[in-house]
Amino acid sequence: MDAAGERTARVHRWQRALAASAVLATVPALLWTMHSHVFALHVLTALSVAVPLFLPHRPVAFTRACLIVGLALLPWGVLGLFLAMFLFWPAALLLLLAAFADPRRSRWAARITAGAGALLMAGVLAGTAAYCWHFYVHPALAEPHTFRAVTHPDAYLDSLGVHETRLQELGATGVTGTWTDELPYLDVSFPESLPEDRRTALKEAIAKIPGVTRVELCPVRECG
């Protein structure tokens with residue numbers, strides 16, 4: 001295609017759709033690494049994925065950009081394995097598929113690559129949905145079944161075995177000690193089927209443990 005032809009041509013909508021899907025595929029990676037100390041590097045990587053979208057009227061440049069960025073992200077995911085750069089591999093594959101999804105060149109090749117891209121994007125969406133459900137939605141909806149007791153540092157884990165036996169008699173299924181950057185805790189878990197009156201008795205028994213200053217239900221997202 002000559003320069004004049006490239007200026008008047010337009011990237012096929014299948015290719016643009018796959019390139020846009022590649023950008024969307026970077027969103028789960030950014031959400032998962034949002035609190036990482038190298039988050040800025042992840043943002044720069046995600047921005048590189050969007051480069052082909054800025055070339056909608058230059059099919060040749062669009063294809064080259066998809067191939068360059070897509071091929072670069074594959075080894076980048078290996079080199080940055082411990083920085084979670086492999087999370088951008090789905091975006092890389094979508095860009096590579098976008099480069100060949102032009103039915104004006106090869107209808108069968110375009111159909112295969114477009115179909116493969118659709119399946120890949122469906123997998124990304126399904127995986128993201130499952131991740132969000134397991135780690136965010138379900139814990140938020142689930143009823144807490146752990147009491148967290150704030151304890152005084154000097155009394156932390158004192159005679160824990162004796163108290164654990166007493167709490168188990170009241171329905172507790174586990175008693176563990178947790179020390180955070182601020183305060184030590186005792187996490188007392190109980191079955192979801194434990195009646196309300198026994199939960200109240202269990203909470204009162206925890207509050208009577210020497211050194212305990214506060215007892216409250218712990219969200220499922222924090223205590224499981």
Quick check: closest heavy atoms across [X] and [Y], and the distance to 0.1 Å?
| X | Y | result |
| --- | --- | --- |
| H42 | S36 | CE1-OG, 4.3 Å |
| F88 | L30 | CZ-CD2, 4.3 Å |
| P52 | V49 | CD-O, 3.2 Å |
| A19 | L95 | CA-CD2, 4.3 Å |
| A50 | V23 | CA-CG2, 3.8 Å |
| L120 | P90 | CD2-O, 3.7 Å |

Pairs of donor and acceptor atoms involving the side chains of residues 62-71, under 3.5 Å and at least two apart or interchain, shall be tabulated with distances.
unit_1, atom_1, unit_2, atom_2, d
T63, OG1, P59, O, 3.0

Exercise. Using 30° and 60° as the class limits, which term best fits the ring planes of H145 and F190: parallel, tilted or perpendicular?
Worked result: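 Because their plane-to-plane angle is over 60°, the rings of H145 and F190 count as perpendicular.
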
Is [X] reaching over with its side chain to a backbone N or O of [Y], donor-acceptor style, under 3.5 angstrom?
| X | Y | answer |
| --- | --- | --- |
| R148 | Y185 | no |
| T200 | E196 | yes |
| W14 | P103 | no |

More than 12 foreign heavy atoms under 6.0 Å from [atom1] of [X]: is that the case here?
| X | atom1 | value |
| --- | --- | --- |
| R104 | CZ | yes |
| W32 | CH2 | no |
| Y131 | OH | yes |

For residues 109-119, run the donor-acceptor check on the side chains, cut-off 3.5 Å, and write out each pair with its distance to 0.1 Å, sequence neighbours left out.
unit_1, atom_1, unit_2, atom_2, d
T113, OG1, F100, O, 3.3
T113, OG1, A109, O, 2.9
T113, OG1, A110, O, 3.0

For this session: Test D187 against F147 for side-chain contact (heavy atoms from CB on, under 4.5 Å), laying out the working first.
Result: CA-CA 6 Å; D187 289 340; F147 284 119; over 6 Å; no

Nearest 0.5 Å, what's the [atom1]-[atom2] distance between [X] and [Y]?
| X | Y | atom1 | atom2 | value |
| --- | --- | --- | --- | --- |
| R198 | E169 | CZ | CD | 10.5 Å |
| L41 | W76 | CG | CH2 | 4.5 Å |
| L31 | L87 | CG | CG | 11.0 Å |
| D102 | H12 | CG | NE2 | 6.5 Å |
| M121 | L24 | CE | CG | 4.5 Å |

Distance-only check: which donor-acceptor pairs under 3.5 Å involve side-chain atoms of residues 202-220, not counting sequence neighbours?
unit_1, atom_1, unit_2, atom_2, d
T213, OG1, V150, O, 3.2

For this session: May I have the step-by-step check of side chain to side chain donor-acceptor pair (under 3.5 Å) for T173 and S189, ending in yes or no?
Result: CA-CA 6 Å; T173 56; S189 57; 3.0 Å; yes

For this session: Would you check if L93 and L73 make a side-chain contact, meaning some heavy-atom pair closer than 4.5 Å?
Result: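 In short, these two side chains do not touch, never coming nearer than 4.5 Å.
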
